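So the structure is just underneath, and the comments pick up after that.
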Amino acid sequence: DCINCQKDLPNTPFYQNNECVSKCDNNYKIDENEKICINCSKDQISTPYLQNNECVSKCDEYYKFDETTKICINCHKDKPQTPYLQNNDCVVKCDNNYKIDDTNKICINCQKNFPKTPYLQDNQCVSKCSDYYVKNETSFRCFNCSKELGKEYYFFNGTCVKECPNYYFKDEIKKRCYSCKDINIKQSYYEEGKCVANCSKYLVIDEKNFICLNCSKTNNEYYQDNKCVKECSPGYSSISGIKACYKCIDYGKYEYKGDC
């Protein structure tokens with residue numbers, strides 16, 4: 001005899017694979033009207049995936065697809081211990097180089113999903129890193145040195161450093177290393193821990209590094225006409241104590257055997 005599961009067996013009212021069952025398995029669509037359990041992948045080939053009790057051709061963007069069971073899984077609802085979707089996996093939290101979409105509970109790869117804004121910075125996809133952010137070309141991530149590594153780190157020339165190089169100051173607000181030329185065009189030269197418009201007497205201007213050089217301290221040389229020399233030129237004599245050369249004629253004198 002033919003049995004009607006719903007009418008004849010009220011404790012097992014659903015029909016699944018030629019059996020009467022109390023409820024459909026997880027990978028079956030439930031037809032409450034007909035009390036039938038439908039296997040999407042076998043019974044509806046054009047819509048083989050099960051999502052929210054519907055057979056669909058493919059899983060929606062925010063669902064993990066399981067090729068074995070043909071189920072579309074909502075990580076947030078179905079797996080609360082691993083609520084985020086990343087690379088078709090349910091994870092506890094997104095990796096550092098993924099943008100977190102807390103609304104849809106998904107992890108977004110900026111480089112793959114947004115080619116025009118491929119870099120991740122402060123959980124936003126951007127076209128380029130902001131000033132004082134280090135750019136990682138491998139992970140396409142922009143990060144702030146002090147936030148990422150600790151407050152003792154500063155941004156310098158695209159990298160993170162604990163100590164700023166010589167002739168640079170620490171900016172405790174922006175957590176960067178800066179030179180005199182970075183902040184003040186009129187006072188662009190570094191001299192003895194401060195910024196000056198012009199180097200003091202007997203100091204050489206280093207236009208490349210924007211610093212005032214003391215010849216005697218740097219190379220144990222002499223100052224002469226805004227440059228460092230190993231010894232005074234003919235017609236010049238050294239000034240005792242400061243290792244500088246001056247023209248004898250400027251003082252109304254003549255040079256003789258290195259002296260005026």
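None of the values given here were measured: they were computed from a predicted structure.
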- Query: Name the one of E54, E67, K58 that satisfies side-chain hydrogen bond (donor to acceptor under 3.5 Å, both in side chains) with Y49?
  - Reply: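 One option only clears the test, and that one is E67.
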Decide if atom [atom1] of [X] counts as having more than 12 heavy atoms of other residues, nucleotides or ligands within a radius under 6.0 Å.
{"X": "K135", "atom1": "NZ", "result": "no"}
{"X": "E231", "atom1": "CD", "result": "no"}
{"X": "K170", "atom1": "NZ", "result": "yes"}
{"X": "Q81", "atom1": "CD", "result": "no"}

Treating [X] as the side-chain partner and [Y] as the backbone partner, does any N or O pair qualify as donor plus acceptor under 3.5 Å?
{"X": "N53", "Y": "I30", "value": "yes"}
{"X": "K175", "Y": "K151", "value": "yes"}
{"X": "D60", "Y": "Y62", "value": "no"}
{"X": "N88", "Y": "F65", "value": "yes"}
{"X": "Q16", "Y": "D25", "value": "yes"}
{"X": "Q86", "Y": "V91", "value": "no"}

Can you find a heavy atom in the side chain of [X] that is under 4.5 Å from one in the side chain of [Y]?
{"X": "Y98", "Y": "N87", "answer": "yes"}
{"X": "D102", "Y": "Y84", "answer": "yes"}
{"X": "K162", "Y": "Y154", "answer": "no"}
{"X": "Y168", "Y": "S179", "answer": "yes"}

- Only counting residues at least two apart or in another chain, list the ones meeting side-chain contact (heavy atoms from CB on, under 4.5 Å) with I205. Y189, C199, E207, N226
Check the side chains of [Y] and [X] for a donor-acceptor pair under 3.5 angstrom, ignoring hydrogens and angles.
{"X": "Y15", "Y": "N4", "result": "no"}
{"X": "Y63", "Y": "N52", "result": "yes"}
{"X": "D122", "Y": "Y133", "result": "yes"}

- Query: Looking at SG of C177 and CZ of F169, how far apart are the two atoms once the value is rounded to the nearest 0.5 Å?
  - Reply: 11.5 Å
- Query: What is the distance from atom CD1 of I38 to atom CG of N27, rounded to the nearest 0.5 Å?
  - Reply: 13.0 Å
- Message: Looking at Y132, I'd like to know if the NZ or CZ of K174 sits under 6.0 Å from its six-membered ring centre while staying within 45 degrees of the ring's axis.
- Response: no
- Item | For E221, all residues meeting salt bridge (charged side-chain N to carboxylate O under 4.0 Å, His left out), sequence neighbours excluded |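 Checked E221 against salt bridge (charged side-chain N to carboxylate O under 4.0 Å, His left out); matches are K230.
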- Looking at T82 and C75, what are the two nearest heavy atoms and their distance? O-CB, 3.5 Å
- Query: Mind checking whether F140 and F143 sit in one hydrophobic cluster, side chains of I, L, V, M, F, W, Y counted as touching below 4.5 Å?
  - Reply: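 No, no single cluster joins them.
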